[in-house]
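Heads up: the structure comes next, in structure tokens.
Nothing fancy with the numbering, it's 1 onward along the sequence.
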Amino acid sequence: MNTGPSQVADDLAKVVRGDVFADVLHRAAYSTDASIYRIVPQCVVAPHDANDIVAVINYAAANGVPVAARGAGSGLAGESLCSGIVFDMTQYMRRIINVADNGAIVVCEPGVVLDDLNERLADFGRRIGPDPSSSNRATVGGCVANNATGMHSLVYGHIGDYVVSVEGILADGGLVEFKNDFSVKQAQDDEVGSIAKKCTSVLVENEAIIAKSLPKTSRNRSGYNIAGISHDGRIDLARLLAGSEGTLAIFTKIMLQTVPLPVAKGLLQIEFDSLEKMARAVPLIVESGASACELMDRTLIDLALDALPQYRDILLTGAAAILLVEHTGDTQDKVKERIESTNEAVGKLASERRIVTEPKGQARLWKLRKDAGPLLYRKRSRKHPAEFMEDVSVDHIKLGEYIVGLKKIEKKYDISMSFYGHAGDGELHLRPYLDLGDPADVEKMRVIANEVFSLAWSLGGSISGEHADGLVRAAFIRQQYGDKCYEVLQSIKNIFDPKGVMNPGKIINDDPDIMVKNLRREKRILPERAKSDLIFEEDELELELEQCYGCGLCLSRESDLRMCPVFRALGEEMGSSRAKANILNFWATGQMSDEDFESPQFREFLDLCINCKACQFQCPSGVDISKLMTVARAEYVKKRRLRRAESVLSYNRYLSALGSFFAPISNIVMRLPGSAWLLEKFTGIDRRRKMPAFRRRSFLKVGRKYLAASKPIKKPVDKVVYFVDTYANFNDHELGFAVVDVLRHNNIEVVLPKQQPAPLPAVVYGDVKRARKDLSYNVRHLTEAVRQGYKIICSEPSAALCLREELRHFVAGEDEKLVSQNTYELMNYLLDLHRQGKLKPPMKSVVEEFVYHLPCHLCAVGEDTATIELLQNHFGVKVVNLGAGCCGLAGTFGMQKKNYDLSTKISESLRKALEANPGKVVLTECAACKMQIEHISDCTVTHPIKILADCLIQH
């Protein structure tokens, strides 16, 4: 039978209610996870329920097609990658079914995100004990399949310890429930009974072999979870499935025990002048009853000091290592007592220490630990942190010996590593920088893995403490446990899956080279596909195309993250930043044809980025997806041209100039019945959008007259060019005057040279010719002012972004650098003046209370707290941060009819925040945000500079 992707998808679409995808874009998006591998599936299925999974597995078994379940795809070992059918469990199977016994027991489907489950359990004062760092996107099914743990494993261990029962589907399509403490003698003659009897027989017969083979570390989840599960004629089948990585059954329902939330917590931050002293302190800390003991070394500390200035006050320059030690208790006094006991035990081994009992201070330290680790990935290089030995664990008493051995290996192979991780568990997340597209470095990985694993085994350790065996460690499991114990693991696999349909090659794999096969970097970027009409530095585009390592943080819906607004609206992998990076890399490496690239489906894919830039500053590896999508759009437009609406909006300054020229008649016409319909029909701008009113003449003209009539500033503290941009120029002259007045009131000279609005629509839509022409015009006329000592100030954050970040990709030369390096966003510029003591005090106070919406592009060009800090600290204005995400209009994106629904979905969090806040006057710097807020609410929106003008200037 032909079982190619299209045939498989056609067949499955007839038997499942859920979604089935076999197009190259979906297959590319699901071909990677957070590991070093790429395996392209034949199709992707998002099952609606267990019946869909049964139908797919029956089909797969009949046709010899492998299957694998996938949660967030945040695994580091390639455990969810499959050449056959991949189940995306996150689309539909994400119900929290029941919370029982006052929160002590919870039942949910496998696609539930762990943090979402904990949020529900918090109402009962409980949570799931193990806390993997990926909990903001990791699913319960994935956590159980990997037998996950986290920073608090000293007290909570692995999640397998809390699994009560698992409902799953076997390789023959049977839907069964696996429970713990299952009586083998009383087993019925059914599938569960048969499996229980066969497994018990194997385990009892090899009990001595299993006991002898176990690593001497508590943090071991390698192989199958067979230790101690057979006891007194009973077997813990649910525990057996924990850590099985989808190789035994596909989970459909999971029951878990929960733990109470700690009543009181405290942190001890301990700094050391050597790793050796740190390692000597760890056993003392663990013996003191700490609930967590986390390590950061000098490499990571220095990276954090450089990249995360907000933490400089809590990081000591020059420290060789920092341990974050947590204690919990029934009262704060007990916590303080335990911390003081630990502090005393560590004694002179530490060079500095600090006790933190205040909750916000503790949260800040844990946030630092969480933010610092990913900094290792931000470096742009052919060499990337390679995940293959990052999961080794030794007994904490052996940590010092382990580090000494690692240092020898580091020197021997001339590699650099950062020593950080779970020191209390003897687990270090080591990721040497290697180029896995270079055969020499691939071989180096293999050799280093052998030496590091051998070192761990010599110390009684394990090759996998929490991250799964997957593909990366499967070839070493036989060496860890020995031939006889490995045969026991093989027997377990054969009992559940004799035909090898369920996620084959993970855990059980006799291919000695499996670790170095299917490496995603073995496919290099093709030179012809790294060429662009945009301007890049040498290797810049190629490195950007390789920068995403797939951690999946862009799948998070945390309130303090904006990335990725499209994913948040759609809830689908294809909307994530990771998928965009994967697909563009897939194309750039020649794995996608030109025909597929030029297809209508690819054009629809290109619409899934709204250029918010959140990925650039919130992605752990700093991937600029907006830039990559701009390059792809430019290439697509060169082959297929702009769509009508995009062409119209790329020339939006002409439309605005026309509206301004005929104002107020143009405003009257726009309000006539049928005008919106005509506009939609001929331009593609959605009829539901209300166009902003135009002002007669441009602000540049009236502003120049105003400045000419104003008294010159005799001794200016600074000189600036006001770059006006479209909205202030043609729609909001009061904004322009407020900017000029506030600057001049503070003895800043303002000029308005020739300029054209920032062509960001042309940039985003791929109209390179238009963007280059307009930006070149601005460079010619702004450079002269910059050479005379003027700075360029933008009241529109998107304009600042265009001149600072996008300009260099369209205009080359020293003049471009002068412009981009001397461009500032207005509110950040004023905040800097305030900090220098150069901003005049307000002449009057404002009684009214405001709410503030932070534009995405302001985050990309300055401090995201600049406006609130300035309003509150200098002007005494009461303002509440809405804390909402992207508005969804995204410049001109949401103006288009085809994008209206997605734009509305993206704005949902903002709409809810507006409804929850009683304030009806919203401050924001972005014209698009203003339009969207007024479209989705009854609020009045104004630029904060107008409030400053009201405070400073008496009219």
Knowing that exactly one of Leu833, Asp832, Asn828, Leu839 qualifies, which makes a side chain to side chain contact (heavy atoms under 4.5 Å, CB included) with Leu870?
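Testing Leu870 for a side chain to side chain contact (heavy atoms under 4.5 Å, CB included) against Leu833, Asp832, Asn828, Leu839 leaves exactly one candidate, Leu839.
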
Donor-acceptor contact below 3.5 Å, side chain [X] vs main chain [Y]:
{"X": "Glu863", "Y": "Thr865", "result": "no"}
{"X": "Gln616", "Y": "Ala860", "result": "no"}
{"X": "Arg221", "Y": "Asn146", "result": "yes"}
{"X": "Asp391", "Y": "His467", "result": "yes"}
{"X": "Tyr433", "Y": "Ser381", "result": "no"}
{"X": "Asn343", "Y": "Leu268", "result": "no"}
{"X": "Glu540", "Y": "Glu537", "result": "yes"}
{"X": "Thr823", "Y": "Val819", "result": "yes"}
{"X": "Glu869", "Y": "Leu831", "result": "no"}
{"X": "Arg520", "Y": "Ser35", "result": "yes"}

Of the non-hydrogen atoms in [X] and [Y], which two are nearest, and what is the gap between them?
{"X": "Ser577", "Y": "Cys564", "answer": "OG-CB, 3.6 Å"}
{"X": "Leu555", "Y": "Ser576", "answer": "CD1-CB, 3.6 Å"}
{"X": "Arg378", "Y": "Cys619", "answer": "NH1-O, 2.8 Å"}
{"X": "Leu315", "Y": "Glu271", "answer": "C-OE2, 4.5 Å"}
{"X": "Ala279", "Y": "Pro283", "answer": "O-CD, 3.1 Å"}
{"X": "Ser556", "Y": "Leu561", "answer": "OG-CD1, 3.8 Å"}

Donor-acceptor side-chain pairing of [X] and [Y] below 3.5 angstrom:
{"X": "Ser462", "Y": "Gln480", "answer": "yes"}
{"X": "Asp333", "Y": "Thr331", "answer": "no"}
{"X": "Glu466", "Y": "His422", "answer": "yes"}
{"X": "His152", "Y": "Asp131", "answer": "yes"}
{"X": "Glu925", "Y": "Thr867", "answer": "yes"}
{"X": "Glu337", "Y": "Ser341", "answer": "no"}
{"X": "Asp273", "Y": "Ser351", "answer": "no"}
{"X": "Thr342", "Y": "Ser288", "answer": "yes"}
{"X": "Asn582", "Y": "Thr32", "answer": "yes"}

Ion pair present between [X] and [Y], side-chain N to carboxylate O less than 4.0 angstrom?
{"X": "Arg521", "Y": "Asp435", "result": "no"}
{"X": "Asp425", "Y": "Arg219", "result": "yes"}
{"X": "Arg473", "Y": "Glu387", "result": "no"}
{"X": "Lys265", "Y": "Glu358", "result": "no"}
{"X": "Glu451", "Y": "Lys412", "result": "yes"}
{"X": "Arg369", "Y": "Glu294", "result": "yes"}
{"X": "Lys336", "Y": "Glu340", "result": "no"}
{"X": "Arg382", "Y": "Asp438", "result": "no"}
{"X": "Arg380", "Y": "Glu544", "result": "yes"}

Quick one, [X] and [Y] - any side-chain contact, counting heavy atoms below 4.5 Å?
{"X": "Ile463", "Y": "Trp457", "result": "yes"}
{"X": "Cys548", "Y": "Arg578", "result": "yes"}
{"X": "Leu803", "Y": "Cys794", "result": "yes"}
{"X": "Met515", "Y": "Met445", "result": "yes"}
{"X": "Phe617", "Y": "Met563", "result": "no"}
{"X": "Ile403", "Y": "Met278", "result": "yes"}
{"X": "Ile409", "Y": "Ile448", "result": "yes"}
{"X": "Leu428", "Y": "Val392", "result": "no"}

Can you confirm whether [X] is buried at [atom1], in the sense that more than 12 heavy atoms of other residues, nucleotides or ligands lie under 6.0 Å from that atom?
{"X": "Glu538", "atom1": "CD", "result": "no"}
{"X": "Lys370", "atom1": "NZ", "result": "yes"}
{"X": "Lys398", "atom1": "NZ", "result": "no"}

Point-to-point distance, once rounded to the nearest 0.5 Å, from [atom1] of [X] to [atom2] of [Y]:
{"X": "Leu858", "Y": "Leu801", "atom1": "CG", "atom2": "CG", "result": "10.5 Å"}
{"X": "Leu430", "Y": "Met389", "atom1": "CG", "atom2": "CE", "result": "4.5 Å"}
{"X": "Glu119", "Y": "Leu114", "atom1": "CD", "atom2": "CG", "result": "12.0 Å"}
{"X": "Leu545", "Y": "Glu542", "atom1": "CG", "atom2": "CD", "result": "7.5 Å"}
{"X": "Ser74", "Y": "Asn136", "atom1": "OG", "atom2": "CG", "result": "9.0 Å"}
{"X": "Gln547", "Y": "Cys615", "atom1": "CD", "atom2": "SG", "result": "11.5 Å"}

Would you mind listing every salt bridge (Lys or Arg N to Asp or Glu O under 4.0 Å) that reaches into residues 295-321, with sequence neighbours excluded?
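Pairs touching residues 295-321 that pass the test: Asp313-Arg364.
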
Which is it for Lys613 and Asp624 under the salt bridge (Lys or Arg N to Asp or Glu O under 4.0 Å) test, yes or no, and what are the steps along the way?
CA-CA 7 Å; Lys613 292 290 183 179; Asp624 192 344; 3.2 Å; yes

According to the interplanar angle, ranging from 0 to 90°, do the rings of Tyr377 and Tyr549 count as parallel (below 30°), tilted (30 to 60°) or perpendicular (above 60°)?
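Plane angle under 30°, so parallel.
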
Against the six-membered ring of Phe272, is Lys277 placed for a cation-pi contact (under 6.0 Å from the centre, within 45° of the normal)?
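No, cation not above the ring by the 6.0 Å, 45° rule.
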
Scan residues 381-421 for pairs that pass ring-ring contact (aromatic ring centres under 6.0 Å, His included), counting only residues two or more places apart or in two chains.
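Every ring-ring contact (aromatic ring centres under 6.0 Å, His included) pair that includes a residue of residues 381-421, provided the two are not neighbours, is Tyr420-His429.
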
Report the C-alpha separation of Glu326 and Ser291 in whole Å, then their side-chain angles, then the decisive distance to 0.1 Å, and conclude whether the side chain to side chain donor-acceptor pair (under 3.5 Å) test is met.
CA-CA 6 Å; Glu326 183 184 83; Ser291 59; 3.0 Å; yes

Going by side-chain hydrogen bond (donor to acceptor under 3.5 Å, both in side chains), name the residues that satisfy it together with Lys367, two or more places apart in sequence or in a different chain.
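With sequence neighbours excluded, Lys367 shows a side-chain hydrogen bond (donor to acceptor under 3.5 Å, both in side chains) to Asp371, given in chain and number order.
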
